[in-house]
Number of protein chains: 2
Amino acid sequence: MFTHAEENYLKAIFHLEQETQGEVSTNAIAEQMETKPSSVTDMVQKLADKELLSYKKYKGALLTQTGRKKAADVIRKHRLWEVFLVDKLNFHWDEVHPIAEQLEHIQSAELIERLDRFLGSPDFDPHGDPIPDQHGNIKRTEKKLLSELQKGQRGVCVGVKESSSDFLQYLDRKKITIGTKIHVLGKEFFDGSMILRVRDQQFFISKKTSENLFVQIQES
Amino acid sequence: MFTHAEENYLKAIFHLEQETQGEVSTNAIAEQMETKPSSVTDMVQKLADKELLSYKKYKGALLTQTGRKKAADVIRKHRLWEVFLVDKLNFHWDEVHPIAEQLEHIQSAELIERLDRFLGSPDFDPHGDPIPDQHGNIKRTEKKLLSELQKGQRGVCVGVKESSSDFLQYLDRKKITIGTKIHVLGKEFFDGSMILRVRDQQFFISKKTSENLFVQIQES
DNA sequence: CTATAAAATTAGACTAGTCTAAAAATATTT
DNA sequence: AAATATTTTTAGACTAGTCTAATTTTATAG
Ligand SMILES: [Mn+2]
Ligand SMILES: [Mn+2]
Ligand SMILES: [Mn+2]
Ligand SMILES: [Mn+2]
């Protein structure tokens, strides 16, 4: 139905739409896809011809309903495969993304339906990202960046914003993972760094770290 | 490392080498791959440049050690995924081939090693074909076509030669599958048809069927 | 409001893979 | 051994996807 390249573009544009809340620029797509803007223009025009997105020259791209559904399908597959890799094959959460990047392109509705059942219809992938359902709907949960918490607040880690290997391995060394309870003991105005209490231990974390960890606030 | 097309060609040539015991012709590859001979010539020359096979114009192709190992790797992946689809996702054995045709191209040595362990390092795929090991070695077992058995001989079904959906579904209706015990009650010289005893029931099968079922002879 | 900078598009080239049509080599038949 | 048929290769064209370099449009600054 669609090529790998087309699917990767749709996915990238889908993610960028969340951030920009509107038309996505050629340069933004190029950066995300690690290609040149001229290549993006070509592909965006092709996807517009296929009515997967609307596009006016110099005005950026916006997915159509069809395009958004297709993008959600790819993301659903990506995240389900990540769950498979971690839960069933015991991969580490920092290793699965590049493999899922390939597996997300396997074409078979039956396969993904059975995989979903096999995995127990999970709601989230190993990085805490929600898995779209068959209809492309994504469960939005209340989550905030750790950096938004104030001194004294408590939260549970529910996901990561960046999921680079470096960051995930850093979290591992600090024994922070999905489900870890965090108590903000202090926050430095100067550089945005924080002091946390995690499992009766004190941690110092940088602003960069706190801006890449999603938490659900615990009322206390 | 290699493209999907290259891997598919290597696999096709590998299979054809088994049959022809020597150089594989351009036309044979074209038929197997469902492409035109001119396309095959192009690709064979490319694979020869990469030293995956040896090729002299008009003389056919023969895999090198490197090429044969690579082909076995792809076949290993194909068959392991088929086991996964049948054993874990409960697909039927006639549905898995086209999906495995895609999955076999996923690049990750770690993945296939873990998949193998997860499946309990199976020796055969759902159609009874042997799964090459990490080094590309294939366990050769004593098996004959059912058509080679004589009246009175007994065997156990250990595989199918053709694995089209039509044939596999026909076998299902006859309740013949891997492990089924077969007793040859009679064989017609005229058309090669056979009368079998399977689970205390008599079956008539055509020559075409008996030439596509592999059995292991049971000494009696 | 004009000059400059940034962003986006177009033009043209390249690789991978495929095809059709034509030419060349090999095999088969008479 | 020549004629014919079959197989294989080449030549040239096409699509998908990418790139560089040049051009055009839009945004920003003075
Ligand atoms: Mn991922
Ligand atoms: Mn991908
Ligand atoms: Mn198969
Ligand atoms: Mn394949």
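Just so you know, these numbers use all the heavy atoms, side chains as well, and skip hydrogens, waters and symmetry mates. Here is how names work: the chains are called A, B, and so on, in the same order as the sequence lines, proteins then strands, and each is numbered from 1.
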Enquirer: For dG17(C) and T35(B) - does any side-chain N or O of the residue sit under 4.0 Å from the phosphate oxygens OP1/OP2?
Expert: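 Looking at the OP1 and OP2 atoms of dG17(C), neither is under 4.0 Å from any side-chain N or O of T35(B).
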
Enquirer: Distance check needed: dG17(D) P versus M33(A) CE, whole Å only.
Expert: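 From M33(A) CE to dG17(D) P: 10 Å.
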
Enquirer: Distance check needed: dA16(C) P versus N8(B) CG, whole Å only.
Expert: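 Distance, rounded to whole Å: 17 Å.
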
Enquirer: If you only use heavy atoms from C-beta on, which nucleotide in dG17(D), dT26(D), dG17(C) is closest to the side chain of A5(A)?
Expert: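 The listed nucleotide nearest to A5(A)'s side chain is dG17(D).
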
Enquirer: Is E82(A) paired with K77(A) through a side-chain N to carboxylate O contact shorter than 4.0 Å?
Expert: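 No, no charged N to carboxylate O under 4.0 Å.
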
Enquirer: How many whole angstroms separate atom CD of E34(B) from atom C1' of dC19(C)?
Expert: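 About 16 Å, once rounded to whole Å.
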
Enquirer: Quick one: does any side-chain atom of E148(A) pair with a main-chain N or O of L145(A) as donor and acceptor, under 3.5 Å?
Expert: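 Such a contact is found between E148(A) side chain and L145(A) backbone.
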
Enquirer: Among dT10(C), dT18(D), dA8(C), find the nucleotide with the atom closest to the side chain of S38(A).
Expert: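 Selected nucleotide: dT10(C).
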
Enquirer: Checking contacts here: which listed nucleotide (dA8(C), dC19(C), dT18(D)) is nearest the side-chain heavy atoms of S39(B)?
Expert: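 Selected nucleotide: dC19(C).
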
Enquirer: Closer than 4.0 angstrom, basic N to acidic O: yes or no for D123(B) and K139(B)?
Expert: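 So D123(B) pairs with K139(B) through a salt bridge.
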
Enquirer: Looking only at side-chain N and O atoms, does T26(A) come under 4.0 Å of OP1 or OP2 in dT9(C)?
Expert: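 Yes, such a contact exists.
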
Enquirer: So F2(B), base contact, sugar-phosphate only, or nothing? Heavy-atom distance under 4.0 Å.
Expert: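 Result for F2(B) = nothing.
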
Enquirer: Look at the side-chain N and O atoms of K57(A) and state whether any lies under 4.0 Å from the OP1 or OP2 oxygen of dT25(D).
Expert: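 Negative; the distance criterion is not met.
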
Enquirer: When you check the phosphate oxygens OP1 and OP2 of dT10(C), does a side-chain N or O of T41(A) lie under 4.0 Å from one of them?
Expert: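 Negative; the distance criterion is not met.
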
Enquirer: Can you tell me the distance, in whole Å, between the CD atom of E31(B) and the C1' atom of dT8(D)?
Expert: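 Taking atom C1' of dT8(D) as the reference, CD of E31(B) is at 16 Å.
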
Enquirer: Between atom NZ in K56(B) and atom P in dA25(C), what is the gap in whole Å?
Expert: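 Those two atoms, NZ and P, are 17 Å apart.
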
Enquirer: It should be established whether Y55(A) places a side-chain nitrogen or oxygen under 4.0 Å from OP1 or OP2 of nucleotide dA8(C).
Expert: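 No, outside the criterion.
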
Enquirer: Where the side chain of Q45(A) is concerned, which of dT10(C), dT20(D), dT18(D) is the nearest nucleotide?
Expert: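 Nucleotide nearest to Q45(A)'s side chain: dT10(C).
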
Enquirer: Would you mind telling me which residue lines up with the more 5' stretch of DNA chain D, N27(B) or K50(A), judged by nearest nucleotide?
Expert: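 By nearest-heavy-atom nucleotide position, the 5'-most residue is N27(B).
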
Enquirer: Quick one: H4(A) NE2 to dG17(C) P, roughly how many Å, whole number?
Expert: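 Rounded to the whole Å, the gap is 13 Å.
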
Enquirer: State which of dA16(D), dT18(C), dT18(D) makes the closest approach to the side chain of M43(B).
Expert: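 Within the option list, the nearest is dT18(C).
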
Enquirer: Is the shortest side-chain N to carboxylate O distance from R68(A) to E17(A) below 4.0 Å?
Expert: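 A salt bridge links R68(A) with E17(A).
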
Enquirer: Distance check needed: dC19(C) P versus D42(B) CG, whole Å only.
Expert: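 These atoms are roughly 10 Å apart.
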
Enquirer: Heavy atoms from C-beta onward define the side chain here; which of dA8(C), dA16(C), dT8(D) lies closest to that of Y58(B)?
Expert: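 Closest nucleotide among those given: dT8(D).
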
Enquirer: Centre-to-centre under 6.0 Å for H127(A) and H97(A), is that the case here?
Expert: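 When the ring centroids of H127(A) and H97(A) are compared, they turn out to be at least 6.0 Å apart.
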
